[in-house]
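As structure tokens, the structure follows; a few thoughts come after it.
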Amino acid sequence: SEDVQDVVRGISTGVRRMRSLVSSLHQLSKLESISIEREVCDLPSVVAEGRSLAAIALEESKAAVVVDALPRVQGSSELLAQLFQNLFSNACKYAGDSPPRIRIWSEVNHERGVDLVYFEDRGVGIPLKSQERVFESFHRLHHSDDIEGTGIGLSICRRIVQAHDGKLYIDPDYADGVRFVIALPLSVSGGA
């Protein structure tokens, strides 16, 4: 009957969400005490891998992605690919009514001693008052019935960047969506 089908759909949705939550919690707990083995990573290749991991979401949302010149960095290509996979997925989820428009670019800030990698999209954006809170575990701007997710993705992103002795934050002056800033020390990234 229709009632039984509704119950089964509800159970199926709940199981899928629980499975995703457990997987995210496992990833987050592994990052708590991780010591990464650093290798030279070609950041364009790492971004391409993250893009490949998020390919279904990018294709379904008809995302346009522009990747400018990026440096080589010291770190874990696997973790950095996961960082970009999460950012690509979020850009697709929070695109609003238009297809996502994503741009990734970088610059060296010698004064601060960091390589800055920018991941910007033209989606719905994040209100200024929530820009720090979105990095907290389980903090969501939207209900999971509206936009699927666990509320852990950006926590994982921040932990990945911290494991590389860097910082991840949102540019508060960017008004056309959201711009994530990944700041890696020049001593780590080489400032290429």
Side-chain angles (χ1 to χ4, degrees), residues 20-38 41 43-58 61 63 65 67 70-71 73-95 100-106 114-142 144 147-172 174 177-185 188-189:
S20 178
L21 179 61
V22 168
S23 174
S24 295
L25 285 171
H26 178 66
Q27 289 174 342
L28 192 60
S29 69
K30 285 189 336 188
L31 290 169
E32 287 291 329
S33 60
I34 193 168
S35 174
I36 61 171
E37 291 189 31
R38 296 172 195 268
C41 302
L43 203 51
S45 298
V46 169
V47 169
E49 176 64 18
R51 186 176 179 173
S52 175
L53 292 168
I56 293 172
L58 290 165
S61 66
V65 179
V67 181
L70 297 172
V73 298
Q74 290 285 329
S76 164
S77 57
E78 180 182 335
L79 288 176
L80 291 171
Q82 182 181 0
L83 163 72
F84 285 101
Q85 174 191 6
N86 286 354
L87 293 176
F88 279 123
S89 295
N90 272 3
C92 293
K93 284 181 196 177
Y94 299 101
R101 292 176 26 210
I102 300 164
R103 179 178 175 221
I104 304 170
W105 56 286
S106 68
V114 294
D115 262 328
L116 299 171
V117 178
Y118 301 97
F119 185 104
E120 57 190 38
D121 68 57
R122 302 279 178 137
V124 298
I126 299 172
L128 189 59
K129 65 181 178 164
S130 298
Q131 288 185 356
E132 186 58 31
R133 292 203 59 217
V134 295
F135 294 106
E136 297 173 7
S137 296
F138 307 112
H139 181 77
R140 295 180 48 98
L141 295 180
H142 304 274
S144 61
I147 297 177
E148 197 169 307
T150 60
I152 299 177
L154 289 177
S155 294
I156 290 172
C157 289
R158 180 168 269 178
R159 297 263 171 88
I160 289 171
V161 175
Q162 288 171 338
H164 287 82
D165 299 323
K167 293 182 179 180
L168 174 65
Y169 57 93
I170 296 171
D171 180 350
Y174 187 73
V178 66
R179 176 186 288 154
F180 291 96
V181 182
I182 303 161
L184 298 172
V188 172
S189 66

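- Annotation: side-chain contact (heavy atoms from CB on, under 4.5 Å) contacts of Ser76 (sequence neighbours excluded): Ile36, Glu78, Leu79, His164.
- Evaluation of the side-chain contact (heavy atoms from CB on, under 4.5 Å) rule for Glu49 yields Leu53, Ala81 as partners, not counting sequence neighbours.
- The side-chain contact (heavy atoms from CB on, under 4.5 Å) check on Gln162 picks up Arg158, Arg159, with sequence neighbours excluded.
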Evaluation steps, side chain to side chain contact (heavy atoms under 4.5 Å, CB included), between Val65 and Phe88: CA-CA 9 Å; Val65 179; Phe88 279 123; 3.9 Å; yes
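- Shown here are the side chain to side chain donor-acceptor pair (under 3.5 Å) partners of Ser45, two or more places apart in sequence or in another chain: Asp42.
- Expressed to the nearest 0.5 Å, how far CZ of Arg51 lies from CG of Leu87 amounts to 14.0 Å.
- Contact between Pro100 and Ala95 at its shortest, heavy atoms only, is CG-CB, 3.6 Å.
- Partners of Ala91 under the side-chain contact (heavy atoms from CB on, under 4.5 Å) rule, at least two apart in sequence or in another chain, are Ile102, Phe119, Asp121.
- For the atom pair CG (Asp115) and CG (Leu43), the distance works out to 9.0 Å, reported to the nearest 0.5 Å.
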Side chain to side chain contact (heavy atoms under 4.5 Å, CB included) assessment of Asn86 paired with Leu154: CA-CA 7 Å; Asn86 286 354; Leu154 289 177; over 6 Å; no
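- The ring-ring contact (aromatic ring centres under 6.0 Å, His included) search around Phe180 returns none, not counting sequence neighbours.
- The side chain to side chain donor-acceptor pair (under 3.5 Å) test applied to Arg179 returns Glu120, Asp171, not counting sequence neighbours.
- Of all heavy-atom pairs between Ile160 and Leu83, the closest is CD1-N, 3.9 Å.
- The ring-ring contact (aromatic ring centres under 6.0 Å, His included) check on Tyr118 picks up Trp105, with sequence neighbours excluded.
- Judged as a side chain to side chain donor-acceptor pair (under 3.5 Å), and not counting sequence neighbours, Ser106 has no contacts.
- Within the 3.5 Å criterion, the main-chain N or O of Gln85 finds a donor-acceptor partner in the side chain of Ser89.
- Residues satisfying the ring-ring contact (aromatic ring centres under 6.0 Å, His included) criterion with Phe84, sequence neighbours excluded, are absent altogether.
- In this structure, CG in Asp165 is found 4.5 Å from CZ in Arg38, a value given to the nearest 0.5 Å.
- Heavy atoms of other residues, nucleotides or ligands lying less than 6.0 angstrom from CZ of Arg101 number 12 at most.
- When every heavy atom of Ala183 is checked against every heavy atom of Val161, the shortest pair comes out as O-CG1, 4.4 Å.
- Residues satisfying the salt bridge (Lys or Arg N to Asp or Glu O under 4.0 Å) test with Arg122, not counting sequence neighbours, are Asp176.
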